[in-house]
Amino acid sequence: MQTNLRPRRPAAPPSPGGDERAARRRAERRARWLWRIAGYVFFVGLWQFTSSFLVADFIVPPPAVILTEMWDIIASGQVWVHFGATLRTIAIGFAIAFVLGSATGLLMGRSRWWEAFLSDWVMATLTTPGLIFALVTAMIFGLGPTGPIVAVVVTSFSYVTVNVVEGVKAVPRDLTDMARSFGRGPAQILRHVYLPFLAPYFFTATRYGFSIAWKIATLAEVIVGTAGIGFMMRQQFQQFSMRGFLAWVLLFFAFALFLERVVLQRRMRHVLRWRPEVAR
Amino acid sequence: MATIKVTDLRKEFVTDTSTVVAIENVSFEVGGHEFVSVVGPSGCGKSTLLNILSGIESATRGTVDITEGDRQAKLGYVFQSARLLPWRSVIDNLLFVQSTRGPQVRARCERYLDMVQLAHTARQYPGQLSGGMQQRVGIARAFSIEPDLLLMDEPFSHLDAITARSLRRELHAMWQETRKTVLFVTHDVSEAVELSTRIIMLARGGRLVADLPVELPFPRDPASDAVALARADLLRRFESLDLLAT
Ligand SMILES: Nc1ncnc2c1ncn2[C@@H]1O[C@H](COP(=O)(O)OP(=O)(O)OP(=O)(O)O)[C@@H](O)[C@H]1O
Ligand SMILES: [Mg+2]
């Protein structure tokens with residue numbers, strides 16, 4: 001029997017194999033690192049240039065001086081004492097803010113009434129400058145660690161809330177309906193549908209909330225701290241030691257970067273491994 | 001074998017601008033080992049009917065009673081789209097809907113995955129499967145709880161003809177073997193004739209316009225005269241329905 005379905009030309013050669021793809025990915029990663037290092041070289045160079053040719057050394061000390069100062073702070077053990085104090089403030093404050101914010105967010109995302117009840121107040125804390133909370137808590141709690149902790153709770157709480165509300169509203173009805181039709185109860189739906197769906201929102205909340213927490217914690221310590229990074233910055237400031245001041249600022253920067261890059265992003269990649277764009 | 005009793009069912013969707021009547025005054029009873037197809041044009045309320053039966057939507061008026069002996073019947077729902085949890089692997093999606101745990105439950109889930117020829121994807125995430133494969137996982141999930149009543153919303157419409165045919169056979173065999181009740185939504189008239197013992201026809205506006213028994217012996221050869229005749233008859237009704245609606 002004659003047929004019109006003649007075999008077509010053989011298909012195109014198979015797409016690049018795993019090895020080639022992996023090689024390309026490695027090359028891309030290398031390129032990204034090169035650019036990142038180039039960025040550091042450029043900005044440190046700019047700094048060196050400024051301090052060598054434009055302004056006096058005591059105003060902008062050269063990078064090498066700051067580096068030695070940073071090393072001294074680390075070697076003397078001071079760094080652990082004060083980072084420890086600040087970290088404790090942030091950890092306690094942010095943990096409270098995270099729990100409160102998630103609960104409030106779930107409530108507001110699920111119920112129109114609660115949203116109407118709370119939303120303006122959450123917005124108000126979101127838009128109020130952190131300095132105001134730092135000052136208010138300073139006046140209420142005075143010197144010591146309590147003021148900074150409360151300031152952290154109040155400021156980062158609303159960031160968590162706002163993100164969680166947005167996430168809860170985006171939870172697909174399709175999936176919650178599916179779970180209900182198969183007889184899953186509210187607790188199971190919360191745990192296996194809501195929370196996994198909300199994970200990226202929690203990460204965003206943690207990132208923003210955490211960066212806010214850092215800022216407000218050091219700020220509050222500058223005002224009322226008896227220990228901590230902010231406290232050390234204040235000391236250096238009062239002695240007009242640009243050297244010490246910048247050294248602490250940079251240590252702070254390095255630490256925040258480490259937390260974000262290494263701890264948070266790794267965790268995120270693990271939790272979101274089911275996503276096609278993550279699971280490569 | 002579940003018993004379904006639907007009385008004077010009505011469903012309105014009220015939006016800001018309008019009220020849509022999706023189901024209008026529908027009553028029917030399904031008792032025991034029946035395979036009931038629900039056919040009708042797009043938008044006539046088929047999915048809504050299944051959603052009400054499964055308890056996802058509530059009725060505006062009327063009652064629904066689904067029982068298995070003297071207890072509540074267990075429902076398995078195959079949705080029009082797969083509705084898998086993207087953060088759980090295929091096998092974990094099946095395990096999620098089980099009410100008990102244990103090795104024999106797991107083995108059962110694996111058996112139904114095998115039935116839809118997806119045993120090899122058990123550890124993969126839904127995002128790594130094609131649309132048709134996801135739909136098959138949805139089918140395996142509904143089967144895996146061994147429900148008394150299977151609700152199926154156009155389960156094979158996204159699949160290629162060959163897979164659809166083999167799953168149709170599979171479904172038919174399972175229905176005969178386990179004596180479950182099946183409520184099967186489709187817009188494919190031949191599919192309805194091939195599988196059902198009874199066909200319920202809805203028209204636009206969610207009115208029930210026909211409730212026809214299909215008294216042909218199984219297995220039904222789609223090419224046989226009797227099946228072709230039944231199909232032609234149904235198609236004629238279907239077309240006149242469309243004329244009435246416009
Ligand atoms: N959540 C909803 N809100 C408002 N209207 C809805 C909603 N769900 C369904 N409808 C309306 O109800 C009617 C019936 O919808 P339904 O999804 O049950 O149709 P269907 O018969 O399943 O159609 P199809 O064959 O295309 O799947 C449609 O007019 C639709 O617009
Ligand atoms: Mg539908």
Side-chain angles (χ1 to χ4, degrees), chain A residues 5 15 17-18 21-22 25 102 106 110 112 116 163-164 167-206 265-280, chain B residues 47-48 50-58 66 71-90 92-101 109 123-130 134-135 137-138 140-153 183:
Chain A
L5 294 170
S15 55
R21 232 178 1 242
R25 216 156 46 222
S102 302
L106 276 169
R110 295 277 292 146
R112 273 176 295 161
N163 275 292
V164 173
V168 169
K169 286 189 174 167
V171 169
R173 256 289 299 274
D174 271 14
L175 295 182
T176 51
D177 280 350
M178 179 278 293
R180 274 198 306 133
S181 80
F182 279 100
R184 304 299 88 181
Q188 278 170 309
I189 293 178
L190 181 69
R191 169 140 175 248
H192 296 294
V193 183
Y194 273 79
L195 293 186
F197 179 82
L198 291 177
Y201 293 87
F202 282 131
F203 277 115
T204 313
T206 306
Q265 282 196 5
R266 283 226 175 138
R267 194 72 220 138
M268 182 152 93
R269 222 168 290 153
H270 176 75
V271 170
L272 299 184
R273 67 193 176 286
W274 55 271
R275 289 187 154 190
E277 66 268 28
V278 176
R280 271 184 293 194
Chain B
S47 297
T48 305
L50 293 199
N51 284 342
I52 295 173
L53 292 180
S54 69
I56 289 175
E57 301 271 11
S58 58
I66 302 175
R71 66 177 165 87
Q72 188 104 1
K74 187 156 69 166
L75 305 187
Y77 197 159
V78 180
F79 300 91
Q80 204 164 354
S81 59
R83 302 203 189 184
L84 306 176
L85 299 177
W87 41 83
R88 297 189 132 229
S89 67
V90 164
D92 283 344
N93 261 283
L94 266 59
L95 290 170
F96 173 62
V97 299
Q98 310 299 321
S99 33
T100 51
R101 299 265 167 272
C109 291
R123 318 235 129 270
Q124 286 177 299
Y125 290 105
Q128 296 168 289
L129 307 184
S130 76
Q134 292 179 25
Q135 187 64 17
V137 176
R141 174 178 63 191
F143 280 36
S144 70
I145 63 168
E146 308 207 312
D148 310 309
L149 170 62
L150 252 178
L151 302 173
M152 307 183 86
D153 196 350
L183 205 62

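Residue numbers begin at 1 in each chain, while the letters A, B, ... track the order of the sequences.
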>> Which atoms of B:Q124 are under 4.5 Å from chain A, going by heavy atoms: the side chain, the backbone, both sets, or neither?
In response: neither
> Of the backbone (N, CA, C, O) and the side chain (C-beta and beyond), which part of B:I56 lies under 4.5 Å from a heavy atom of chain A, both, or neither?
Replying inline: both
> Are the side chains of A:D174 and B:S81 in touch, meaning some heavy atoms are under 4.5 Å apart?
Replying inline: yes
>> Which heavy atom of A:H192 sits nearest to which heavy atom of B:F96, and what is that distance?
In response: CB-CE1, 3.5 Å
> Given a strict heavy-atom distance threshold of 4.5 Å, which part of B:F79 is in contact with chain A: side chain, backbone, both, or neither?
Replying inline: side chain
>> Need one label for A:V193: side chain, backbone, both or neither, based on atoms under 4.5 Å from any heavy atom in chain B.
In response: both
> Got B:W87 and A:L195 here, is their nearest side-chain heavy-atom distance under 4.5 Å?
Replying inline: no
> Checking heavy atoms, do the side chain of B:S89, its backbone, both or neither come under 4.5 Å from chain A?
Replying inline: neither
>> More than 12 heavy atoms of other residues, nucleotides or ligands under 6.0 Å from CZ of B:R101: yes or no?
In response: yes
>> So for B:L151, is it side chain, backbone, both, or neither that comes closer than 4.5 Å to the heavy atoms of chain A?
In response: neither
> Near A:Q265 CD, under 6.0 Å, is it more than 12 heavy atoms from other residues, nucleotides or ligands?
Replying inline: yes
>> Surrounding CZ of B:R71 (heavy atoms of other residues, nucleotides or ligands, distance under 6.0 Å), is the total greater than 12?
In response: yes
> Has the side chain of B:R83 got a donor or acceptor atom that lies under 3.5 Å from a matching backbone atom of A:D177?
Replying inline: no
> Taking atom CZ of A:R180 as the centre, does the number of heavy atoms from other residues, nucleotides or ligands within less than 6.0 Å exceed 12?
Replying inline: yes
